[in-house]
Amino acid sequence: MGLKLKTKYLKRFIDLEEGHSELEKISHITEAAVKLVREKSGAGNAFLGWHDQPVAYDKEEYERIKAAAEKIKKLCSVFIVVGIGGSYLGARAAIEYAKSPLYNNFAKDTPNVYFAGNSISPSSLADILKLCEGQDVCINVISKSGTTTEPAVTFRILRKYLEDKYGEEGARERIFVTTDSHRGKLKEFSTSKGYETFVVPDDIGGRFSVLTAVGLLPIAVAGLDIDAMMRGAADAREEYLSDDLQNNAAVTYAALRNILYNRGKSLEVLVSYEPSLTMFCEWWKQLYGESEGKDGKGLFPASLICSTDLHSLGQYIQEGQRTMFETLIKFTDSQNRVEIPDDPDNIDGLNFLSHKDLHYVNTMAMTGTILAHTDGGVPNIVIELPKRDEYSFGWLVYFFELACAVSGYMLGVNPFDQPGVEAYKRNMYALLGKPGFEVEKEALEARIK
């Protein structure tokens, strides 16, 4: 695979000299955190199923995912994925990472894939329904319980749309459900309706679930090679099971984050110079934000797509508060070659770039920015991969998931719960008049008068 963790731009910020490096000084903390993950003995250990998922997945269900994807490709031209958070971010990230953010605009033999149920915006859902006009439609609703407001409301609306369009029997063939294996309102309803269902594993939380049916069905529908994706994750797992922790890129990344955090760096910015990673950054932000942001602790995860965002946030990064560091995802190869032509009139003064490949220019912009930001006091970690494809996506997902678990334990939190997200839900349910929340509703209405 060749994933490399480059630390040369950290040397002015962290002592990395062998024999007295800061990584060695905290090695006992790092080793203890790794042990909690591998032995499944830390807080939240019931949700460590992702650790072995790349090799221990349900092979029978995996084949059903492939078969369902082929069926969906034949049935529809529009495929709507209904889910929020970890129920959609991984799949959307994979499609844009390995294909393109413009996937739906290309001529292809796979359906357009749209994502709904990740907001309560009427305009957003109305726009998707407009895109369904004159098209054959299938949907995949993804929810462990089936009662999360955003996807549940969207599923109710889309289910009626399909039943009105195709009848109840026709809709049954076009609705695919990914939910709990045995219990929950959505599972009960799906069984009674006869929908084909796939499993959200009990031991894998939503933000870690992209390499389960949660992500794999939509990814396969978009025509991505999920075999290569799982192979990438399995190879990453094999490499990071090594006891040589000093040369373990995922563990080292977790340790470096810990060192920088304890130096007062409270914000980590994930950076890419490829717009195709925009949604990957969103997936990463949920992974780290929900896993670490608790007990008054945790790095705030942010992201940049450069060089675009350098024209809006570059000034702040260069000269603003020194509370951040950057983690850059770099690709050494590009799938596309675009040569800059020569201009005899040189009207833009850029003939020094004539006949150069755009990937080379992008790489030089990246390098120049790293040097400027480190000169300005912003540490940079570089994660280098050969290219964007399904294999590297699987590898990168596993890399970040493992590093997240180790990092959370080093921080002293449970990386696998998210108690804080319930607060807004309780208030929302009360204000909407959900039965059982009458007292809370009265108190909240008094506050907003």
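On a predicted model such as this, the values are computed, not experimentally measured, just so you know.
- Cation-pi check for R426 over Y429 is not met; the charged atom does not lie both under 6.0 angstrom from the ring centroid and within 45 degrees of its normal.
- Taken from CD1 in I329 to OG in S272, the straight-line distance is 6.0 Å, to the nearest 0.5 Å.
- Between the side chains of S124 and D127, no donor N or O sits under 3.5 Å from an acceptor N or O.
- In this structure a side-chain-to-backbone donor-acceptor pair under 3.5 Å is present from T30 to I26.
- Side-chain contact check for L444 versus I448: every heavy-atom pair is 4.5 Å or farther apart.
- Residues in residues 291-306 take part in these side chain to side chain donor-acceptor pair (under 3.5 Å) pairs, two or more places apart or across chains: R207-S291, R257-E292, K285-S303, E292-S407, K294-D417.
- At distances below 3.5 Å, at least one donor-acceptor pair connects side-chain atoms of R174 with backbone N or O atoms of V137.
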Apply salt bridge (charged side-chain N to carboxylate O under 4.0 Å, His left out) to R231 and E390, showing your working.
CA-CA 9 Å; R231 195 162 58 247; E390 292 92 335; over 6 Å; no
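- Between the side chains of S145 and T147, at least one donor N or O sits under 3.5 Å from an acceptor N or O.
- A donor-acceptor pair shorter than 3.5 Å can be found between the side chains of N140 and T178.
- Within the 4.5 Å cutoff, the side chain of K6 has no heavy atoms near those of the I381 side chain.
- Within a 6.0 Å radius of NZ in K8, other residues, nucleotides and ligands contribute 12 heavy atoms or fewer.
- With hydrogens and angles disregarded, a donor-acceptor distance shorter than 3.5 Å links the side chain of R322 to the backbone of G376.
- For the pair E24 (side chain) and S21 (backbone), a donor-acceptor distance under 3.5 Å is present.
- By the 6.0 Å contact criterion, CD on E18 is open, its count of non-hydrogen atoms from other residues, nucleotides or ligands being 12 or less.
- Within a 6.0 Å radius of NE2 in H20, other residues, nucleotides and ligands contribute more than 12 heavy atoms.
- Under a cutoff of 6.0 Å and an axis angle of 45°, K108 and Y103 form a cation-pi pair.
- Ion pairing between a basic and an acidic side chain is recognised when a charged N comes within 4.0 Å of a carboxylate O; D375 and R12 show such pairing.
- Between the CZ atom of F189 and the OG1 atom of T197 there is a distance of 13.0 Å, given to the nearest 0.5 Å.
- A side-chain donor-acceptor contact under 3.5 Å links K59 to the backbone of Y57.
- Using a 4.0 Å cut-off between charged side-chain N and carboxylate O, E22 and R263 make a salt bridge.
- Not a single donor-acceptor pair under 3.5 Å links the side chain of N118 to the backbone N or O of E150.
- Between Y253 and F400, the distance from one ring center to the other falls under 6.0 angstrom.
- For F47, the CZ atom is loosely surrounded, since the number of other residues' heavy atoms within 6.0 Å does not exceed 12.
- The side chain to side chain contact (heavy atoms under 4.5 Å, CB included) test with Y391 is passed by exactly one of L396, D235, L385: D235.
- Distance alone, capped at 3.5 Å, places no donor-acceptor pair between the Y161 side chain and the L129 backbone.
- With a 4.5 Å cut-off on side-chain heavy atoms, V78 and Y114 count as touching.
- When side chains are defined from C-beta on, P415 counts as touching Y409, because their heavy atoms get closer than 4.5 Å.
- Although no hydrogens or angles enter the test, the distance criterion places no donor-acceptor pair under 3.5 Å between the side chain of R183 and the main chain of S181.
- For E384 and T332, the side-chain atoms include no donor-acceptor pair closer than 3.5 Å.
- Annotation: side chain of I370 is in contact with side chain of V382 (closest heavy-atom distance under 4.5 Å).
- Between the T191 side chain and the K187 main chain, a donor and an acceptor come within less than 3.5 Å of each other.
- Taking K40 as the reference, D52 meet the salt bridge (charged side-chain N to carboxylate O under 4.0 Å, His left out) condition, with sequence neighbours excluded.
- Put simply, the residue from Q318, H311, E319 that forms a side chain to side chain donor-acceptor pair (under 3.5 Å) with Q315 is E319.
- In this structure, the side chains of P101 and E96 come closer than 4.5 Å at one or more pairs of heavy atoms.
- Donor-acceptor pairing under 3.5 Å is lacking for the side chains of D244 and N248.
- The closest donor-acceptor contact from the side chain of K144 to the backbone of V200 lies under 3.5 Å.
- For the residue pair Q286 and E282, no side-chain donor N or O sits within less than 3.5 Å of a side-chain acceptor on the partner.
- L10 has its side chain within reach of L256: a pair of non-hydrogen atoms, C-beta onward, lies under 4.5 Å apart.
- In this model, a donor atom of one side chain and an acceptor atom of the other lie less than 3.5 Å apart for Y240 and W395.
- Summarising the local packing, CD of E238 is surrounded by 12 or fewer heavy atoms from other residues, nucleotides or ligands at distances under 6.0 Å.
- Applying the ring-ring contact (aromatic ring centres under 6.0 Å, His included) test to every pair with at least one member in residues 198-233, sequence neighbours left out, gives these pairs: W50-F208, F208-F416.
- The side chain to side chain donor-acceptor pair (under 3.5 Å) pairs that include a residue from residues 212-228 are Y62-D227, K66-D227, where partners are two or more places apart or lie in different chains.
- With rounding to the nearest 0.5 Å, the separation of CG in D243 from CD in E31 is 10.0 Å.
- Every residue meeting the ring pair (Phe, Tyr, Trp, His ring centres under 6.0 Å) condition with F393, not counting sequence neighbours, appears here in chain and number order: Y97, F280.
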With side-chain contact (heavy atoms from CB on, under 4.5 Å) as the test, would you mind laying out the steps for I142 and T179 before giving the verdict?
CA-CA 6 Å; I142 306 167; T179 187; over 6 Å; no
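- For the atom pair NE2 of H182 and CD of E188, the computed distance is 13.0 Å after rounding to the nearest 0.5 Å.
- Residue pairs meeting the side chain to side chain donor-acceptor pair (under 3.5 Å) criterion with at least one partner in residues 434-449, sequence neighbours excluded, do not occur; the list is empty.
- Atom CG in L162 sits 8.0 Å away from atom SG in C138 (nearest 0.5 Å).
- By the 6.0 Å contact criterion, NZ on K425 is enclosed, its count of non-hydrogen atoms from other residues, nucleotides or ligands being greater than 12.
- T323 is not listed as a side-chain neighbour of K265, based on a closest heavy-atom distance of 4.5 Å or more.
- Atom OG1 of T149 sits about 9.0 Å away from atom CD1 of I84, to the nearest 0.5 Å.
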